[in-house]
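One structure is given here, and the rest of the page talks about it.
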There are 2 protein chains.
Amino acid sequence: MTSRPAGTLAQRKRRLVADELTQAALGLLAREGFDAVTVDEIAAAAGVSKRTFFRYFASKEDVVVQFLAEMGAAMRDALASRPAAEPPSTALRHTVWRSIDACAGHADRALPVVQLILGTPALLARFLERQAQWRDELAAEMAERLGLDLTAELYPHLAAGMALTAFQTVLQRWSDSDGTEDPAALTDRSFAVIAPALDAVVRTETSGPGPTSSP
Amino acid sequence: MTSRPAGTLAQRKRRLVADELTQAALGLLAREGFDAVTVDEIAAAAGVSKRTFFRYFASKEDVVVQFLAEMGAAMRDALASRPAAEPPSTALRHTVWRSIDACAGHADRALPVVQLILGTPALLARFLERQAQWRDELAAEMAERLGLDLTAELYPHLAAGMALTAFQTVLQRWSDSDGTEDPAALTDRSFAVIAPALDAVVRTETSGPGPTSSP
DNA sequence: GCCTTGCGTGTCACCAAGTGTCAAGTATGG
DNA sequence: CCATACTTGACACTTGGTGACACGCAAGGC
């Protein structure tokens with residue numbers, strides 16, 4: 001009863017501490033830079049001990065990257081919810097748009113974080129690592145969508161990779177332009193470039209040796 | 001005089017120590033796993049101190065990733081040396097093939113390293129970070145090749161990203177199959193998929209609003 | 001032959017990221 | 001009131017990585 005917010009009381013308390021930690025970390029890191037802030041400082045700013053910090057986040061990088069963690073699940077959901085008959089380029093465009101839009105929606109909070117990530121090698125590395133997981137997940141979803149064998153075909157992984165390349169390109173431009181450029185336009189332009197490959201599924205993989213030869 | 005091998009004597013000595021360190025590290029890491037080996041052990045195995053290790057490599061990850069560092073330069077060189085009239089898909093296929101071939105060439109040494117990298121989150125992250133740099137370099141080269149404005153157009157970054165997606169996909173398959181699958185065939189198949197996008201440069205970016213609309 | 005200069009290395013001290021352990025605090029249930 | 005489970009803080013410890021200093025050794029000038 002009275003479970004209005006979400007889950008048990010203990011879970012809500014845990015969420016509270018996590019939010020406090022994230023808030024403190026994001027503020028300090030964006031202002032001072034990733035290497036200039038220690039975990040002790042973040043913990044102190046949130047009013048907990050260093051040990052407790054590591055009970056909530058696996059690493060200092062995680063505080064920032066986990067802030068974008070739901071993006072992976074969101075993308076997969078978005079892809080799964082697109083009509084099966086839709087051409088891949090359209091389905092994938094909506095897929096990455098789900099996350100881009102989430103960023104662009106509250107740019108005031110998201111932009112500094114994106115700039116921090118893209119500008120910090122250690123964070124960029126973690127972000128890309130996360131993207132590699134998303135790629136596998138999206139590839140699995142694409143294979144299921146199209147009834148392809150994930151282990152035999154290359155298309156699913158390549159399609160997912162191309163979509164995430166577009167994602168990353170848009171994010172980079174948006175970050176570099178300090179939020180000036182329009183994410184929607186960037187997304188459309190990116191997918192206009194990669195669409196010819198995304199929508200040429202049937203030919204390339206099912207017909208034997210194909211057109212490629214002569215190294 | 002007597003500068004047969006390369007550079008001065010000091011430089012050759014330095015190279016010798018670096019090779020010894022790399023050799024020791026690769027052996028230990030591949031056998032025991034990345035986290036199970038300490039820097040002290042690597043240094044001891046190479047007969048130097050921990051401090052000296054860090055005078056040669058910026059981090060423990062670097063020992064492994066720097067082993068593939070020349071790939072970036074090799075790719076850029078490969079792209080720069082392709083005839084300007086060549087279609088992008090062909091030029092980029094040769095570009096990534098330069099590195100794939102280098103791996104496949106001495107698979108006995110390269111395969112364990114690739115498997116170590118792809119199987120270790122921390123190393124994968126560094127590898128992807130490196131790839132992000134390559135992407136920018138290849139994008140710059142592509143822009144110059146095609147006379148495009150790197151800051152205005154999206155195609156260069158997207159094309160470079162697609163090529164590297166193919167690169168990563170091939171490497172992944174090759175690693176997963178324990179070197180069984182043919183890298184050349186995988187490369188050709190991958191580029192057959194992405195070629196339609198790579199070779200459709202002119203239309204998408206130069207002609208105004210274009211075919212993309214209706215979200 | 002000696003002495004200076006410079007470079008590479010080892011030793012030591014140090015900081016920060018993580019982890020294991022244990023004791024103390026607090027909510028729940030009998 | 002007590003027993004239990006869960007969370008937290010405090011402490012110690014390992015490891016990655018850096019700074020500072022001293023030593024050894026080669027090259028070159030006197």
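No experiment lies behind these values; they were computed from the predicted model shown. To find a chain, count down the sequence lines: A is the first, B the second, and so on, and within it residues start at 1.
- More than 12 heavy atoms of other residues, nucleotides or ligands lie within 6.0 Å of CD in E181(B), so this atom counts as buried by the packing criterion.
- Computed from coordinates, the K60(B) NZ to dT18(D) P distance equals 14 Å when rounded to whole Å.
- Between D35(B) atom CG and dT14(D) atom P the separation is 17 Å, expressed in whole Å.
- The number of heavy atoms from other shown groups lying within 6.0 Å of CD (Q133(A)) is above 12.
- Note: CD (E61(B)) to P (dA17(C)) measures 15 Å, nearest angstrom.
- The interatomic distance linking L28(B) (CG) with dT15(D) (P) rounds to 15 Å, in whole Å.
- Using a 3.5 Å distance cut-off with no hydrogens or angles, the side chains of T180(A) and D178(A) do not pair a donor with an acceptor.
- For L21(A) and dT8(D), the CG to C1' distance is 13 Å, given to the nearest whole Å.
- As rounded to whole Å, 15 Å separates atom P of dA12(D) from atom CG of D40(A).
- Residues R135(B) and T169(A) have side chains that bring a donor and an acceptor to within less than 3.5 angstrom of each other.
- One interatomic measurement links the two molecules: CG of D62(B) to P of dG16(D), which rounds to 14 Å at whole-angstrom precision.
- For Y56(B), a side-chain nitrogen or oxygen approaches OP1 or OP2 of dT9(C) to under 4.0 Å.
- The side chain of V17(B) lies closest to dT9(C) when the candidates are dG18(C), dA16(C), dT9(C).
- Look at CG on L16(A): it is 14 Å from C1' on dT7(D), rounded to the nearest Å.
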Go through D62(A) and R126(A) one step at a time and tell me if the salt bridge (charged side-chain N to carboxylate O under 4.0 Å, His left out) criterion holds.
-> CA-CA 8 Å; D62(A) 253 31; R126(A) 289 296 156 189; over 6 Å; no

Distances for protein N or O near nucleotides 9-11 of chain D N or O, under 3.5 Å:
from, atom 1, to, atom 2, distance (Å)
dG9(D), OP2, S49(A), N, 3.1
dG9(D), OP2, S49(A), OG, 3.1
dG9(D), OP2, T52(A), OG1, 2.2
dG9(D), N7, R55(A), NH1, 3.3
dG9(D), O6, R55(A), NH2, 2.7

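- With rounding to the nearest 0.5 angstrom, the NE2 atom of H157(B) is 5.0 Å from the CG atom of L150(B).
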